[in-house]
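Note sheet for the following structure.
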2 protein chains.
Amino acid sequence: MALDHAILVSLLEQPGSGYELARRFERSIGYFWTATHQQIYRVLKRMEADGWIDVREVAQQGRPDKKEYSVAALGRDALSRWLHEPIQPESVRHDLAVKIRGAAFDDPAALIREVERHQRAHADRLAHYLAGEVRDFTGPGAPAPPDAGQELQHVVLRGGIAYERMMLAWLDDVLATLHRLRPER
Amino acid sequence: MALDHAILVSLLEQPGSGYELARRFERSIGYFWTATHQQIYRVLKRMEADGWIDVREVAQQGRPDKKEYSVAALGRDALSRWLHEPIQPESVRHDLAVKIRGAAFDDPAALIREVERHQRAHADRLAHYLAGEVRDFTGPGAPAPPDAGQELQHVVLRGGIAYERMMLAWLDDVLATLHRLRPER
DNA sequence: TCGGGCATGTAAATAGTTACATGATTCA
DNA sequence: TGAATCATGTAACTATTTACATGCCCGA
């Protein structure tokens, strides 16, 4: 289970509250590991009880108080242990592929809208990634020379960019296939 | 939840037993939706109780009897309903990306072996996909002209191929980055 | 005063993983 | 005889999702 570890990494990059983590899981780290705030609060509680993370109550002005979590020595050890363990081939969950194969038993043309929707979502995400890359890594405001952490974050982002480009190209292929199968043409 | 639907699609493509489904989920449909036999038997039982699928006891020679499942009208309806519903952006789970970002707080070079392992796994899977493509779709034994079902299965397979190629290229990028970060060099 | 953002949670249901269990047949 | 394949399951645990819940502050 890597939610624990994803949270530890995020807290090492920047300590923060459960709420802040939940927002990071909607962007940034959330692009390769999703989690809702309910899950995050539960895991934070457990990791705190296990001594993996420390809490600090932070009073804020004009906002509710928050609990700022940071990684303790035990948490660092747990992360390190996980990093040195091999991980098994990741399990994929690709609804759209199931739908495409299922379309053979329904109306393939009915999927066109759905595929177009996905294509737009991927195009948006790609644009977002590319903007982030310029902002954080390749633009004039980016730190030079980058440190190891930045290099590693950048290569993960490049993976996201490559993934979105691959998906857009494939969804084009899917659309062309669906159009070819339409009876009326 | 798409496991139900993945099973329905697989049974429409070819009726079969829980055991056979479990093996399909190790190949073919399993490349974009994973499930273990325990999950499959549970879902089959539920779908049978709901009248989505029919069972037929099949006696076999030299093997235990099996229950052959096939999709009933109610199951087809359920699948059709799902196909016409939009699906939400899929949630990603990418352990390796978490590990790479985590490596900033450990020894990045220690990840090299792990990344190489993943690269080999993706290369194997790509070779497997390409062999399947020739066998089922582009080779001389393939049916010509292909029907809609084959076209759709082929486009899903092309997606798998594109994914594996993208991953191999990205893992090269990751390795180059990790090597660049090694202190000794 | 109403909606949205900040902040934290509980409860219930569903899904997924891991471990255990059984029993037949075939092949080395 | 022992391992591998075929075949089906139960039980316990862990993870994830969805729904419900509270309360403060700020700006329109």
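Just so we're on the same page: letters track the sequence lines, and every chain starts at 1. This is a predicted model, so every value here is computed, not measured.
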Can you identify which nucleotide, out of [options], has its nearest atom closest to the [X] side chain?
| X | options | value |
| --- | --- | --- |
| B:Arg23 | D:dT16, C:dA7, D:dC6 | D:dC6 |
| A:Lys45 | C:dA7, C:dG9, C:dT18 | C:dG9 |
| A:Arg63 | C:dA7, C:dA15, D:dG9 | C:dA7 |
| B:Gln38 | D:dA7, C:dT18, D:dC20 | C:dT18 |
| B:Ser17 | C:dT18, D:dT8, D:dT18 | D:dT8 |

Is the phosphate of [N] approached by [X] (side-chain N or O, under 4.0 Å from OP1 or OP2)?
| X | N | value |
| --- | --- | --- |
| B:Lys67 | D:dG9 | yes |
| B:Gln39 | C:dT17 | yes |
| B:Tyr19 | D:dT8 | no |

Inset, instruction - Report which part of the nucleic acid B:Thr34 touches: base, sugar-phosphate, or nothing (heavy-atom distance under 4.0 Å, all strands). - result: nothing
Inset, instruction - Would you indicate what B:Gln60 reaches in the nucleic acid, counting non-hydrogen atoms under 4.0 angstrom: base, sugar-phosphate, or nothing? - result: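 Answer is sugar-phosphate: B:Gln60 comes under 4.0 Å of backbone atoms only.
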Inset, instruction - Figure out the CE/P separation between B:Met47 and C:dT14, and round it to whole Å. - result: 16 Å
Legend entry - Euclidean distance, atom CZ of residue B:Arg42 to atom C1' of D:dA12 [Å, nearest integer]: 11 Å
Inset, instruction - Check whether any side-chain heavy atom of B:Leu175 lies under 4.5 Å from a side-chain heavy atom of B:Ile112, and answer yes or no. - result: yes
Inset, instruction - Check whether any side-chain heavy atom of A:Arg120 lies under 4.5 Å from a side-chain heavy atom of A:Glu116, and answer yes or no. - result: yes
Looking at [Y] and [X], is any side-chain nitrogen of the basic one under 4.0 Å from a carboxylate oxygen of the acidic one?
| X | Y | answer |
| --- | --- | --- |
| A:Arg23 | A:Glu20 | no |
| B:Arg76 | A:Asp106 | no |
| A:Glu57 | A:Lys66 | no |

Inset, instruction - With DNA chain D as reference, determine whether B:Pro64 or A:His37 sits nearer its 5' end, using the nearest nucleotide of each. - result: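 Nearest-nucleotide comparison on DNA chain D picks B:Pro64.
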Inset, instruction - Tell me which of A:Gln61 and A:Trp33 sits closer to the 5' end of DNA chain D, going by the nucleotide each one is nearest to. - result: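 Here A:Trp33 is the residue nearer the 5' end.
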